[in-house]
Each structure stands twice: as structure tokens, then as C-alpha cells.
Q: 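Let me begin by handing over the structure; questions about it come next.
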Amino acid sequence: MSSLSTATKAAELRHRPINGSSKTSVSDEGRKTDKLLDSHTGWEFGGPWGVTAMMIGFPMLMYYLWICLWFYDGQLVVPTSIGGITPFLNQMWTHIRDDASPNMYAWKVYSGLIVYELFLAWIMPGYMQEGLPVPSLGYKTLMYNCNALFSVYFTIITAAFLHYYHIFRLTEIIDNYGHIMSVAMIWGFAVSFGTYFWTVARGEQMRMSGNFMYDVFMGAALNPRIGPVDLKMWAEVRIPWVIVFFLAVSGACKQYEQYGVVTPNMAFMCLATWFYLNACCKGEECIPQTWDMFHEKWGFMVIFWNFAGVPFTYVYSVVYMASHEPENYKFSTPAYIALFATLITAYYIWDTSMSQKSRFKMQTQGNYSYRWTFPQLPWGTVKNPTYIQTAHGNRLLTSGWWSLSRKPNYVADWVMSFTWGLVVGTASPIPYFYSVFFITVLVHRTTRDFERCAVKYGKDWERYCEIVRWKFIPGIY
């Protein structure tokens with residue numbers, strides 16, 4: 001661990017050149033390791049058959065859970081006999097045909113949002129942030145126009161204007177949930193396959209396996225852009241979390257129109273979704289420092305989930321509350337206090353841990369500058385951080401939340417996801433889908449990340465694991 005003086009350490013953390021330079025502190029050994037990690041070395045997610053099953057199964061599961069929420073009192077339904085399977089499937093199809101068809105209205109609503117968000121991302125002023133050196137680009141860096149804050153709040157103002165003047169009532173979103181979800185799925189498939197073919201046609205594909213379905217799922221493009229807009233970062237924030245927030249607001253508007261009040265449960269979801277959306281916007285300059293940006297390719301796995309999966313499976317609690325009487329999920333005052341306190345605590349840990357890691361990377365790269373956006377939470381930046389200098393050339397943070405756990409952000413993120421189901425209590429199991437699915441994703445990502453870190457850093461990773469002992473919860477696991 002570094003024992004440099006404060007002044008020396010601060011200076012050393014600014015050693016890398018910026019403005020897209022290909023110069024980097026990565027050692028020759030690190031370059032060899034990066035080349036290995038930038039090649040296809042094995043199958044994930046069960047290989048070609050596994051990813052094909054997911055591409056077929058995810059949409060079917062989304063339809064099934066929505067049908068159970070909306071038409072079957074939020075309970076999971078199954079055929080009661082062998083002979084009932086065909087009638088059951090016919091009934092499921094009837095619900096999809098009648099209440100989730102991709103009609104023209106849904107195309108206008110969803111596609112209008114996509115076009116509007118892309119337009120705002122193109123024209124809005126923003127904070128210019130340099131990304132991490134990309135091995136496949138010869139360790140050059142890309143610049144990102146972080147204008148989500150202006151774009152998203154301009155979208156909110158636009159939506160409020162349209163709602164107030166009855167041009168587009170926000171209740172229309174939840175009322176047309178099934179139809180819009182179908183359009184979102186079509187967009188997810190179209191963008192996934194379109195990006196794949198466009199990338200291959202331009203000869204820009206990388207880390208390919210040679211299997212068509214697997215490569216579509218994992219992606220062929222690393223940094224797809226349209227003009228000044230980085231599509232991967234744009235889709236990560238401007239599509240899923242904007243829709244998630246507006247679904248919650250739509251549910252609240254529907255409740256108010258029906259009952260004259262918004263329940264604490266629905267208000268909780270508005271706050272929770274705003275927390276997430278605002279955090280992604282106010283800290284957008286931290287996103288280019290993440291693994292998702294500089295290494296993860298843009299394929300079906302990411303695209304479909306951003307365009308359809310996240311917005312239409314993470315807020316099942318809103319769908320339930322919008323279609324059921326408030327008495328079904330009413331809590332005591334102490335229960336509400338505990339619920340809100342849990343959310344706020346988890347959010348604080350998640351926000352500050354993500355900020356600590358990303359700002360440490362910026363300091364290391366030499367391009368960190370303070371950006372004030374609301375809210376800036378205490379301990380968002382670690383002063384005089386300790387770290388392990390690796391033979392690769394990178395540094396592993398061992399300060400702040402990252403001295404207590406290797407994945408503190410994952411723990412806090414999952415706790416938040418669990419509260420999104422807990423908000424309806426035991427009224428329905430379906431809103432807990434988010435937390436159940438999310439924990440499988442986090443465990444898989446952790447396993448994959450640690451395996452790659454072991455390859456990338458070797459003995460330095462072993463030393464890091466000795467210092468930061470706990471994977472998730474300090475003292476437990």
C-alpha cells in the first residue's frame with residue numbers, strides 16, 4: 001500500500017496525460033494482459049444455446065408477469081391440469097393480443113421519447129468528461145458530453161407542460177403499459193440486430209466468438225456513436241431510468257385522479273425512481289470510468305435490457321398499486337418510516353461509493369475536477385486515498401467504502417431494489433422480481449469481475465483481497 005506523502009501522492013495521481021492521448025502508464029505486462037482480456041476466451045451465460053434461450057425467454061417472462069399483475073390480482077397463475085395447458089396458453093395470448101399489441105399510439109409514445117432524448121443528447125450543453133484509456137484503441141481516450149442533467153430535467157418540464165394542458169396525460173403511460181412494453185421489446189431487438197450488422201459491415205467488430213447468436217447477444221460494437229452522442233452511455237441513462245421514473249409518476253397521477261390522494265407507497269416509488277434517475281444525471285461524468293463503458297460491448301444483453309427490460313420489470317410495484325385498492329398495501333406509520341429510512345441509507349452508500357471509485361480513477365488519470373450538481377453528498381470523494389499500485393499500471397482503491405468491501409455499491413444497490421418490492425408488502429410476489437433477478441446479475445458480475453481481475457493483476461489482486469477481505473458485507477461475506 002502506498003505510503004507517499006500527501007503532496008507527492010496527489011501529484012502522482014495526476015500523472016496521466018489527457019485530451020485523448022494514447023500515452024498511458026500501463027506496463028508492457030499490463031498490455032499483454034489487456035490483449036488477452038480483449039479476445040474471446042470462453043463462453044458466458046451458457047454459450048450460444050443459453051443466450052438464445054434468454055433472448056426468447058425474457059420477453060415471454062415479461063408478458064407473463066405483467067398479465068399476472070394486471071389480470072390475476074398480482075398472483076402467479078399456472079395451468080391446473082395437463083388438459084388445461086392449451087386453454088391457459090390461449091388465454092395468455094388473448095391478453096397479449098388485446099392489451100399488449102404494438103398499436104400506433106404506443107409506437108408514437110415510445111418512439112417519440114426515444115427521438116426526443118436523442119435530440120436533447122445531441123443539442124444540450126454538458127460537462128465534457130474524458131473516459132478511461134481503451135486498450136482496443138491503443139489506449140486512447142474518448143470524450144463524453146455529459147448533458148443528461150439538462151436533458152432529463154428538460155424532459156420533465158416538457159412532460160409537465162403536456163400533462164397540464166391535456167396534450168398528453170401522464171396517466172396514459174400506465175394505462176397503456178402492455179402496448180408500450182411490446183413496442184419497447186421490438187425496439188430492443190431491432191437496435192440489437194441493427195447495431196450488430198452495422199458494426200460488422202464497417203469492420204469495427206471486436207472480441208467475436210464466431211457464433212452469430214452469441215455475438216448478437218454479447219455485442220460487436222464497443223463504442224458506437226451517432227455524431228457527438230455515445231449510444232451506450234445515452235441508452236444507459238436516458239431510456240431505462242427516464243421511463244422508470246415516468247411510470248412511477250404516471251402511477252401517482254392515476255392514483256390521485258382515482259382517490260384524490262397519492263399513497264405513501266406510491267410516493268415512495270416516485271422518490272426511489274427519482275433518486276436513481278437524478279444520481280445517474282448528476283454523476284454522469286462518473287459513468288465513462290466504469291467497466292460498462294470502456295470494456296463491455298453494446299449487444300442484446302445491454303440493449304434489450306435498457307430499452308425494455310429495466311423500465312418494464314423493475315417497477316412492478318407501481319403496476320400493482322395502479323391496478324389495486326390502496327387497502328391491499330397499507331402499512332403502519334413506523335413501517336413507512338423504516339421503509340423510507342432504509343431506502344435513504346442504501347442510496348447514500350450507493351451514491352458515495354460509486355462516486356469514490358469513479359473520482360479516484362479520474363484522479364489517477366489526471367482529469368478530475370469538481371462538478372457541483374445536486375445533491376453532493378458527504379464523503380463522495382476520498383481525500384488522500386490509499387491504494388495498491390499494480391504491476392499492470394493501474395491502482396486498486398483501498399480507502400473509503402472500498403476499504404470495507406470489494407463491492408459496497410452492489411450491496412447498497414440490491415437493498416434499494418429489495419425496497420422496491422417491499423413497498424407492497426406481501427400483497428404480491430411479483431414486485432420482488434427485480435431484487436431476485438438483480439441479485440443473480442450481481443453475483444454473476446462479481447464472479448466474472450473477480451476472475452478477470454485475478455488474470456489482470458495476478459499477485460497484486462491476491463494482495464488486494466488480503467487487505468479488503470469481504471466481497472460484499474463486512475464481517476459476514
Q: Parallel, tilted or perpendicular: which describes the rings of Y196 and F212, with under 30° parallel and over 60° perpendicular?
A: perpendicular
Q: So, for F300 and F189, is the gap between ring centers shorter than 6.0 Å?
A: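 Aromatic pair counts; centres sit under 6.0 Å.
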Q: Do S428 and Q75 meet the criterion of a side-chain donor-acceptor pair at a distance under 3.5 Å?
A: no
Q: Rounded to the nearest 0.5 Å, how far apart are OG1 of T171 and CD of Q258?
A: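 Separation between the atoms: 9.5 Å.
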Q: Using distance alone, with no hydrogens and no angle criterion, decide if S435 and W414 have a side-chain donor and acceptor under 3.5 Å apart.
A: no
Q: Side chains of K140 and P133: closer than 4.5 Å at any heavy-atom pair?
A: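 No; the side chains remain at least 4.5 Å from each other.
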Q: Using atom types as modelled and distance alone, determine if a side-chain donor or acceptor of T263 lies under 3.5 Å from a backbone N or O of M266.
A: yes
Q: Any side-chain heavy-atom pair from F294 and P288 closer than 4.5 angstrom?
A: no
Q: Does the T419 side chain pair with the main chain of M416, one donor and one acceptor, at a distance under 3.5 Å?
A: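 A pair under 3.5 Å: yes.
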Q: F437 vs W305 aromatic rings, parallel, tilted or perpendicular, using cut-offs 30° and 60°?
A: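 Plane angle between 30° and 60°, so tilted.
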Q: Tell me yes or no: between the side chains of Y127 and S369, is some donor less than 3.5 Å from an acceptor?
A: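 Result is yes, a qualifying pair exists.
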Q: Report yes if the side chains of H295 and T290 come closer than 4.5 Å at any heavy-atom pair, otherwise no.
A: no
Q: Do side-chain atoms of D73 reach the backbone of A427 as a donor and acceptor pair under 3.5 angstrom?
A: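 The answer is no, because no donor-acceptor pair under 3.5 Å joins these two groups.
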Q: Quick check with a 6.0 Å cut-off and a 45 degree axis cone: is R225 positioned over the face of Y144's six-membered ring?
A: yes
Q: Please indicate whether F119 has more than 12 foreign heavy atoms, meaning atoms of other residues, nucleotides or ligands, lying under 6.0 Å from its CZ.
A: no
Q: For F418 and Y432, I'd like to know if the aromatic rings sit close, meaning centre-to-centre distance below 6.0 Å.
A: yes
Q: Assert yes or no for the condition that the ring centre distance of W70 to Y320 is strictly below 6.0 Å.
A: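 They do not qualify: ring centres at least 6.0 Å apart.
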Q: Honestly, is R406 close enough over F472, meaning NZ or CZ under 6.0 Å from the six-membered ring centre and within 45° of the axis?
A: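 The answer is no, since R406 fails at least one limit relative to F472.
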Q: When F312 is tested against each of F433, W187, Y177, W66 for ring-ring contact (aromatic ring centres under 6.0 Å, His included), which residue passes?
A: Y177
Q: What I want to check is whether the side chains of Q356 and T381 have a donor and an acceptor closer together than 3.5 Å.
A: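 Per modelled atom types, Q356 and T381 side chains form no pair under 3.5 Å.
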Q: Does M60, at its CE atom, have more than 12 non-hydrogen atoms belonging to other residues, nucleotides or ligands within less than 6.0 Å?
A: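 Check fails, neighbour count at 12 or below.
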Q: Identify whether the distance between the nearest side-chain nitrogen and carboxylate oxygen of D38 and R207 falls below 4.0 Å.
A: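 Here D38 pairs with R207 in a salt bridge, since their nearest N and O are under 4.0 Å apart.
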Q: Do you know the tightest heavy-atom contact between I287 and E236?
A: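 The answer is CG2-OE2, 3.8 Å.
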Q: Would you say N306 and R238 are linked by a side-chain donor-acceptor pair, where the criterion is simply a distance under 3.5 Å?
A: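 Looking only at side-chain atoms, N306 and R238 do not form any donor-acceptor pair under 3.5 Å.
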Q: Determine whether C68 and F71 make a side-chain contact, defined as any pair of heavy atoms from C-beta on separated by less than 4.5 Å.
A: no
Q: Does OH in Y256 sit with more than 12 non-hydrogen atoms of other residues, nucleotides or ligands closer than 6.0 Å?
A: no
Q: Taking everything shown except W93 itself, do over 12 heavy atoms lie less than 6.0 Å from its CH2?
A: no
Q: Do W402 and P408 have side chains that approach each other closer than 4.5 Å (heavy atoms only, starting at C-beta)?
A: yes
Q: Looking only at atom types and distance, does a side-chain atom of T345 sit under 3.5 Å from a main-chain N or O of T342, one as donor and one as acceptor?
A: no
Q: Would you mind telling me which of Y64, Y72, Y63 makes a side chain to side chain donor-acceptor pair (under 3.5 Å) with H95?
A: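 The single option meeting the side chain to side chain donor-acceptor pair (under 3.5 Å) with H95 is Y72.
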Q: Is the Y368 to F360 ring centre distance short of 6.0 Å?
A: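 Centroid separation for Y368 and F360: 6.0 Å or greater.
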Q: Evaluate the criterion side-chain contact (heavy atoms from CB on, under 4.5 Å) for residue pair L132 and M293; output intermediate values, then yes/no.
A: CA-CA 9 Å; L132 292 175; M293 289 297 109; over 6 Å; no
Q: If every non-hydrogen atom of L222 is compared with every non-hydrogen atom of S136, which pair is closest and at what distance?
A: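 Minimum heavy-atom contact is CD2-OG, 3.4 Å.
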Q: Out of Y347, F268, F275, which residue meets the ring-ring contact (aromatic ring centres under 6.0 Å, His included) rule with F340?
A: F268
Q: Would you please classify the geometry between the W274 ring and the F374 ring as parallel, tilted or perpendicular, with 30° and 60° separating the classes?
A: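 Aromatic pair F374/W274 classed tilted.
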Q: With no hydrogens and no angle check, is any side-chain donor or acceptor of N147 less than 3.5 Å from a backbone partner on A121?
A: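 Yes; judged by distance alone, with no hydrogens or angles, the pair exists.
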Q: Answer with yes or no after comparing the ring centroid distance for W43 and Y214 against a 6.0 Å cut-off, counting only values under it.
A: yes
Q: Can we call the ring centroids of Y110 and W107 under 6.0 Å apart?
A: no
Q: On the 0 to 90° scale, with breaks at 30° and 60°, tag the Y336-F331 ring pair as parallel, tilted or perpendicular.
A: tilted
Q: Taking only Lys NZ, Arg NE, NH1 and NH2, and the carboxylate oxygens of Asp or Glu, determine whether K254 and E172 approach each other closer than 4.0 Å.
A: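 Result for this pair is no, no salt bridge flagged.
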Q: Are the side chain of N103 and the backbone N or O of A106 linked by a donor-acceptor pair below 3.5 Å?
A: yes
Q: Between R445 and W291, what is the shortest heavy-atom contact and its length?
A: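 Nearest pair, atom of R445 first, then W291: NH2-CD1, 4.3 Å.
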Q: In terms of relative ring orientation, are F154 and Y116 parallel, tilted or perpendicular, with 30° and 60° separating the classes?
A: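 If you compare the ring of F154 with that of Y116, the planes turn out tilted.
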Q: Looking only at atom types and distance, does a side-chain atom of E284 sit under 3.5 Å from a main-chain N or O of A148, one as donor and one as acceptor?
A: yes
Q: Do the side chains of E130 and K361 get close enough for a salt bridge, i.e. N-O under 4.0 angstrom?
A: no
Q: Under a 3.5 Å distance rule, please check whether S355 uses its side chain to pair with a backbone N or O of D351 as donor and acceptor.
A: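 Such a contact is absent between S355 side chain and D351 backbone.
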Q: If we only count heavy atoms from C-beta on, is the T273 to W241 side-chain gap below 4.5 Å?
A: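 No, their side chains stay 4.5 Å or more apart.
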Q: I'd like to know if the side chain of K232 reaches the main chain of E296, judged simply by a donor and an acceptor atom lying under 3.5 Å from each other, with no hydrogens or angles considered.
A: yes
Q: Are L271 and L343 side-chain neighbours, meaning at least one heavy-atom pair lies under 4.5 Å?
A: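 Contact flag for L271/L343 side chains = yes.
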Q: If the threshold is 4.0 Å, N to carboxylate O, is there a salt bridge linking R169 and E257?
A: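 Looking at R169 and E257, the cut-off is met.
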Q: Search all heavy atoms of A159 against all heavy atoms of F246 and return the closest pair with its distance.
A: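 Nearest pair, atom of A159 first, then F246: CB-CE2, 3.4 Å.
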Q: Is the centre of the Y434 ring less than 6.0 Å from the centre of the F438 ring?
A: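 Between F438 and Y434, which both carry aromatic rings, the centre distance is below 6.0 Å.
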Q: Identify the heavy atoms of Y316 and P431 that sit nearest to each other, and give their distance.
A: CB-CA, 3.8 Å
Q: Going from CE on M104 to OG on S111, what distance comes out if it is rounded to the nearest 0.5 angstrom?
A: 9.5 Å
Q: Would K297 and D215 pass as an ion pair if we require N to O under 4.0 Å?
A: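 Between D215 and K297 there is no salt bridge, as every charged N stays at least 4.0 Å from the carboxylate O atoms.
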Q: Taking the side chain as every heavy atom from C-beta outward, state whether W350 and V415 have any atom pair closer than 4.5 Å.
A: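 The answer is no; the side chains never approach within 4.5 Å.
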Q: Enter the distance from I180:CD1 to I243:CD1 here, rounded to the nearest 0.5 Å.
A: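 Answer rounded to 0.5 Å: 8.5 Å.
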Q: Starting from the C-alpha separation in whole Å, work towards a yes-or-no answer on ring pair (Phe, Tyr, Trp, His ring centres under 6.0 Å) for F58 and F304.
A: CA-CA 9 Å; F58 274 143; F304 182 85; 7.0 Å; no
Q: Can you check whether I174's main-chain N or O pairs, donor with acceptor, with S250's side chain at less than 3.5 Å?
A: yes
Q: How close do V318 and G251 get, counting heavy atoms only, and between which atoms?
A: CG1-CA, 4.1 Å
